[in-house]
Each structure stands twice: as C-alpha cells, then as structure tokens.
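Have a look at the structure below, then the notes.
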Amino acid sequence: MANSVIFTESSPNLGGQELQILQQMQALRNHNWQVLLLTRPHSRIAEFALQLGLPIEFAPLRNAADLFSIFKIVRAIKHGKPQALISHSNHDSNLSTLALKFLQPSKQQPIRHIKMRTYLPKTGNARAYNHWYHLAFTPSQYLRSELLKNRKIEPQKVKVLYPGIDFSKLDAPPAPLPDVAAWLNKHPGPVIGHGSMLRAEKGQTTVLRILPTLLQRYPNLRYLIAGEGYNRQTLETQVKDLNLQSHVFFTGLVNPISQLLQYCNLAVMPSLYEPLGMFQIETTALGIPTVASNTGGIPETIKHRVSGLLAPPDQDQAWIQAILEILDYPETASSWAAHGAHILRKQFSIERNLSQLINAMTQ
C-alpha cells in the first residue's frame, strides 16, 4: 500500500503556513506519497491547490461542534488510510482530534496526529500536546521555548521543524510583473521590497511612517508592498495621508517571491512579532540585502552584520539608520546577503524539511 497523509487547514487566508502546506504536499507527491488537503470551500489555499493539481476535499471546519466536518474527516481517513494526519489551525486541529477519537474503536493501525504550531498561543493546552497529538512541530526554537514555558507540556512532544523552501523555484528566471514594471518605469529609483500578509503585526506601517524621512536622503526611493490581507485599506489610507502615492505600490500576492525581488535593491521584514518569518529567508537566499526585526524567531535566520541587519521592531530611528546603511553601502550589504545565502540554503532546504517530516509520520 502506498504511503498516505492528509493535511487539514481551516484558515481561509494564504500566508507562509498555507504556502508551506502546498510545498510539502508537492514534495511528498514527488516521493510517491498519496496526499490530500481538507480545507474550507473558497479558501485561498484551496484555490492554489487546485492550480497545482493537488487533491482536495472541502469541509466547513467551523468549530469543534461541526459534526459534518468530523464526518468528512472520518470518511477521508477511512478512504485514504493515511499513516498521518497533519493539522494546522485551531478548528481543523480540534475536529481532527474528535474524528480520530471516533475511529479509535475500529482497531485499525493508529494514525499519527501531527500538529503544526506556527503562532504563539496565550497558553499552551498541555493535555492536547501530551495526549491528543503524537507530536507537535514549531517553525523555530524561539516558538518551541515559548510554548514550553507551560511546564506541564512534555518537552519531547514538541520539536522544531524549520520550513522547507524550494530554492530551485526561486533560482529560476522570474517571470516579469507587467504592472510593477510599468509603475517603476514611471517612478525610477532604488526599490525596497516587502512580501507578507497585510496584517498589522507585519509592520508595513513602520516603513510607511519612516519613508518621508528616508526620502530626504533618497528622493526617488520606492516601496513595493506584496501580499494580501485585511489591513490593505488601512495601509492605502496611510499612503494617501502621507502623500506617498508616487513612492508606494501595492502589487498584490506574488508567488514565487523572486518575481518581486528582481526589481528590488533591498528587502525589509519589519514585523512587530514573528514566530520565524519566510520572506527574509528567501530574500537573503537570493542575495538581496535585508533588514529584519530583531524579534521572535527572526534572529534564527539573520545574524546582525553577518548576513543582514536586525533592528528593534517599531523603533523608527533604528529602522531609518538600518535602511540608510544598506542604501549607503550596497557592496557591504550584498556581501552579508551572500554569506547568509550559503547558510540558509542548507538550514531551510526542502530535503531537510521533508526528511524530518517523513520520519515523524512513519516512526
């Protein structure tokens, strides 16, 4: 019988977590695993999964009392007979736990329930980690240590799984972005790139707030904001209030991110909080000088003045100085990125990620 795994995701959005699911599903399929994604109808991950030809089934995945979703998960398990069920967000994790409890009396071979914890909970549910999941993965040592501040959680039940990045896709010649290219032709100048979900904690407001000061030194500086999310209208209003329309362009979602970075002189990751972050890994791996927040798991990916620059989150003067340093000394900044690229391509290889994941599903 072929190896089989089911992924569940109840989030309607598309960010680093969802892109990582798609990456893992493709990689596993290339290793002759049968894969299935259970997600909400009309979710963004469903849209991308269908484009990639990945098998998908729909369920509401609303809450732990959603009996129809439990039925859908049970049916998928009975049909696919997976070795593992990998859950991500709260609703799908709880529903998957209930589905597996329903199946317990069937005496079939136990299915390994793996939890991906990519954000910091207010308090970790020790019972869930110790008894509901065979194993939980965090994307950084930082997040694991934060989770284990709840001393009731057994440390051996929580491990670190760094995201896997398909660098071959990033290295491929990027397709042009006609709208971006056309806008930059009308607005030439050095370009700052930023790719992340448009949410308050991602720090786009920090860069917009300091941009008028940066323009005093570099009057033609441009800021490309890539991504989608609930905060777009707020950011667009901030751009208008600061009269930055000729300096800021919203590109929408860009995947792969190399399509954005081909136009950029430097990249920023100004998150107020970040369990790990993917953008600064991809930018550094492509040799783009990067400034990122010294918060959460980001320092596990960038070393200050070794592979890039770190700045305290939401501290305007520190961010102004860091961005100006890269603009003023581009050769030094590029040498940092080149050094970081060599390290990160090993640390975040898809091969390393996949090997750890398969071991967790089959041991």
Side-chain angles (χ1 to χ4, degrees), residues 5-31 33 35-40 43-52 54-56 84-90 92-93 96 114-120 133 135-144 158-170 195-197 199 202 226-229 253-258 269 271 274-285 296-298 300-301 344-361:
V5 57
I6 296 174
F7 291 78
T8 66
E9 175 55 270
S10 54
S11 172
N13 303 313
L14 187 76
Q17 173 174 281
E18 291 76 27
L19 291 172
Q20 185 65 188
I21 295 170
L22 297 173
Q23 174 66 71
Q24 289 171 339
M25 291 181 69
Q26 291 178 88
L28 285 166
R29 189 170 61 174
N30 291 338
H31 283 71
W33 277 69
V35 296
L36 176 68
L37 173 65
L38 267 169
T39 190
R40 291 181 176 183
S43 63
R44 292 289 281 144
I45 190 175
E47 179 182 333
F48 275 70
L50 291 171
Q51 291 176 7
L52 294 169
L54 294 169
I56 184 171
L85 185 64
I86 303 179
S87 302
H88 294 81
S89 300
N90 279 338
D92 63 279
S93 297
S96 295
I114 298 171
K115 168 68 175 176
M116 298 293 184
R117 191 81 205 201
T118 57
Y119 58 93
L120 185 64
Y133 311 127
L135 185 65
F137 279 123
T138 64
S140 63
Q141 294 287 352
Y142 162 78
L143 191 56
R144 179 178 185 269
V158 183
K159 297 183 178 181
V160 176
L161 178 66
Y162 282 129
I165 297 175
D166 188 345
F167 293 111
S168 65
K169 290 184 178 179
L170 287 180
S196 68
M197 296 188 73
R199 300 195 308 219
K202 295 300 183 180
E228 56 188 21
L253 185 68
V254 178
N255 186 36
I257 201 63
S258 55
M269 185 70 166
S271 301
E274 195 68 61
L276 181 74
M278 295 284 284
F279 180 65
Q280 80 281 1
I281 300 171
E282 295 169 321
T283 60
T284 305
I298 290 178
E300 295 175 45
T301 67
L344 294 181
R345 283 173 178 264
K346 293 181 179 179
Q347 185 178 1
F348 295 95
S349 72
I350 186 63
E351 294 79 13
R352 179 178 179 179
N353 174 273
L354 195 63
S355 175
Q356 289 180 258
L357 185 62
I358 291 175
N359 183 61
M361 293 190 293

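Predicted model, so just to flag it, every value in this text is computed and none were measured. The chain is numbered in sequence order, starting from 1.
Taking the ring axis of Tyr142 as reference, the NZ or CZ atom of Arg144 does not stay both within 45° of it and closer than 6.0 Å to the ring centre.
With sequence neighbours excluded, the residues that form a side chain to side chain donor-acceptor pair (under 3.5 Å) with Thr8 are Ser87, Asp92. For Phe348, the ring-ring contact (aromatic ring centres under 6.0 Å, His included) partners at least two apart in sequence or on another chain are Tyr162. By the side chain to side chain donor-acceptor pair (under 3.5 Å) test, Arg199 pairs with Glu201, sequence neighbours left out.
Between Ile165 and Leu170, the closest side-chain pair of non-hydrogen atoms falls below 4.5 Å. Looking only at side-chain heavy atoms (C-beta outward), Phe7 and Leu28 come within less than 4.5 Å of each other. Looking at Met116 and Leu357, their side chains come closer than 4.5 Å, going by heavy atoms from C-beta outward. Residues Phe48 and Leu253 meet the side-chain proximity criterion, which asks for heavy atoms closer than 4.5 Å. Annotation: side chain of Gln24 is in contact with side chain of Leu161 (closest heavy-atom distance under 4.5 Å). At least one side-chain heavy atom of Gln17 sits under 4.5 Å from a side-chain heavy atom of Ser89. Contact check for Leu22 versus Glu18: no side-chain heavy atoms found under the 4.5 Å cut-off. Residues Asn353 and Phe137 fail the side-chain proximity criterion, which asks for heavy atoms closer than 4.5 Å.
Side chain of Thr301 to backbone of Ile298: a donor-acceptor contact under 3.5 angstrom is found. Although no hydrogens or angles enter the test, the distance criterion places no donor-acceptor pair under 3.5 Å between the side chain of Asn359 and the main chain of Ser355. Judged by distance alone, with hydrogens and angles left aside, the side-chain atoms of Glu274 form no donor-acceptor pair with the main-chain N or O of Gly297 at under 3.5 Å.
When only modelled atom types and interatomic distance are considered, Glu300 and Gln347 share no side-chain donor-acceptor pair under 3.5 Å.
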After noting the C-alpha distance and the side-chain angles of Lys159 and Gln356, does the key distance pass the side-chain contact (heavy atoms from CB on, under 4.5 Å) rule? CA-CA 10 Å; Lys159 297 183 178 181; Gln356 289 180 258; over 6 Å; no
From CA spacing to verdict: salt bridge (charged side-chain N to carboxylate O under 4.0 Å, His left out), Glu9, Arg40 | CA-CA 8 Å; Glu9 175 55 270; Arg40 291 181 176 183; over 6 Å; no
* To do: Walk me through it: do Leu276 and Ile281 pass the test side-chain contact (heavy atoms from CB on, under 4.5 Å)?
  => CA-CA 9 Å; Leu276 181 74; Ile281 300 171; 4.2 Å; yes
